[in-house]
Amino acid sequence: MRIGIFGGTFDPPHIGHINAALTAKETLSLDKIIVVPAYVSPFKINRKVTEPAHRLEMAKLAFDKPFTDISDFEISQGGVSYTINTLTHFSDIYPDSEYTLILGADAFLGFDKWYKYHEIAKIASLAAVARNAEDFKKIAEKARLEFAKVTSVEVNPIQVSSTQIRENPQLHRKFLTENVYEYIEKNGLYKDEL
Ligand code: ATP
Ligand code: MG
């Protein structure tokens, strides 16, 4: 089985994330995508993030396709979430699968700052999601210098980030799925960011 792993803080998950994961699945003929919300991203240690239980629930609502699984592995581990541990965990459970780590262009371009990135690249291929020609060029340049197996995935760009969504409620209707939108309303999330 070909498994894509898609990690992130997902605070909140938006249609840019869903589009990236679904396009990677189609382009690379993946059988399954495991979405893994981080407990704490190593790059967001000093940032206040929404309670993990809310982020997990929103990820379940956003990624509701039959081929998507939402994993609470990083959240149940607690502490800083390192992708190498997550990949090791899944490759222990399903040793006969092939793994692809799905990364946005920004994440891919900083990949060589990640903890044990050489080890990660031994376990998984990398799928770098390009939102425009500029991303595509930068990914290709970087991929040439790297040792890992990298595929560029071109998506129809959805230019939005969770940060923009947290800071601007007017973006909620446009960039969130209906069920995530309702979850945020019901639980009064992101009110104190304004
Ligand atoms: P934040 O603003 O909090 O950093 P984010 O929108 O970048 O939020 P993350 O949880 O950091 O979301 O991202 C998870 C993954 O999704 C990363 O690999 C990131 O590059 C990718 N990603 C984020 N936004 C988009 C988008 N609009 N289109 C494609 N990929 C995206
Ligand atoms: Mg980000």
Side-chain angles (χ1 to χ4, degrees), residues 1-38 41 55-74 83 86-87 89-91 93-111 114 117 120-144 146-162 164-165 171 173-181:
M1 184 154 63
R2 293 165 62 82
I3 300 180
I5 304 279
F6 190 38
T9 304
F10 302 119
D11 188 16
H14 52 69
I15 59 170
H17 294 135
I18 299 168
N19 181 47
L22 267 47
T23 309
K25 185 204 179 263
E26 290 308 311
T27 310
L28 302 171
S29 309
L30 304 174
D31 302 299
K32 182 207 266 292
I33 294 187
I34 307 180
V35 177
V36 194
S41 156
R55 290 186 290 108
L56 186 65
E57 199 50 44
M58 289 191 285
K60 286 181 187 164
L61 294 171
F63 295 94
D64 61 352
K65 297 279 188 289
F67 53 83
T68 51
D69 277 1
I70 314 303
S71 165
D72 69 352
F73 175 74
E74 293 186 356
T83 299
T86 308
L87 275 174
H89 165 76
F90 286 115
S91 58
I93 307 183
Y94 313 112
D96 297 331
S97 291
E98 279 172 49
Y99 291 87
T100 301
L101 188 63
I102 303 166
L103 301 164
D106 56 317
F108 171 72
L109 295 172
F111 180 69
W114 287 27
Y117 69 99
I120 295 177
K122 278 185 208 159
I123 303 177
S125 317
L126 307 182
V129 176
R131 283 183 248 178
N132 51 46
E134 176 78 7
D135 278 357
F136 201 77
K137 202 172 123 225
K138 284 192 193 156
I139 290 167
E141 278 165 14
K142 181 105 179 164
R144 256 190 281 130
E146 297 286 347
F147 41 85
K149 183 168 177 287
V150 182
T151 317
S152 224
V153 173
E154 276 181 272
V155 293
N156 289 325
I158 297 178
Q159 297 295 5
V160 73
S161 69
S162 298
Q164 290 166 346
I165 292 172
L171 299 178
R173 274 261 177 238
K174 183 164 178 209
F175 292 109
L176 299 171
T177 57
E178 183 69 25
N179 52 9
V180 171
Y181 177 89

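Atoms considered below: every heavy atom in the structure, side chains included; atoms not considered: hydrogens, waters and symmetry mates.
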Trace of the side-chain contact (heavy atoms from CB on, under 4.5 Å) decision for Val35 with Phe10: CA-CA 10 Å; Val35 177; Phe10 302 119; 3.7 Å; yes
Has the side chain of Asn19 got a donor or acceptor atom that lies under 3.5 Å from a matching backbone atom of Asn156? yes
Per the side chain to side chain contact (heavy atoms under 4.5 Å, CB included) rule, which among Ile5, Thr68, Thr86 passes with Ile34? Ile5
Can you find a pair of side-chain heavy atoms, one from [X] and one from [Y], that are under 4.5 Å apart?
X      : Y      : result
Leu22  : Glu26  : no
Arg131 : Asp106 : yes
Thr151 : Thr100 : no
Pro157 : Asn132 : no
Leu176 : Pro12  : yes
Leu28  : Val153 : yes
Phe63  : Ile18  : yes
Lys25  : Ile102 : no

Distance, nearest 0.5 Å, that separates [atom1] of [X] from [atom2] of [Y]:
X      : Y      : atom1 : atom2 : result
Thr23  : Glu154 : OG1   : CD    : 10.5 Å
Asp11  : Ser161 : CG    : OG    : 11.0 Å
Met58  : Ile70  : CE    : CD1   : 12.0 Å
Phe108 : Lys138 : CZ    : NZ    : 12.5 Å
Lys60  : Asn179 : NZ    : CG    : 13.0 Å
Glu74  : Arg55  : CD    : CZ    : 9.5 Å

Check the angle between the aromatic planes of Phe111 and Trp114 and answer parallel, tilted or perpendicular using the 30° and 60° thresholds. tilted
Using side-chain contact (heavy atoms from CB on, under 4.5 Å), reason through Ile3 and Phe90 one step at a time and then give a plain yes or no. CA-CA 10 Å; Ile3 300 180; Phe90 286 115; over 6 Å; no
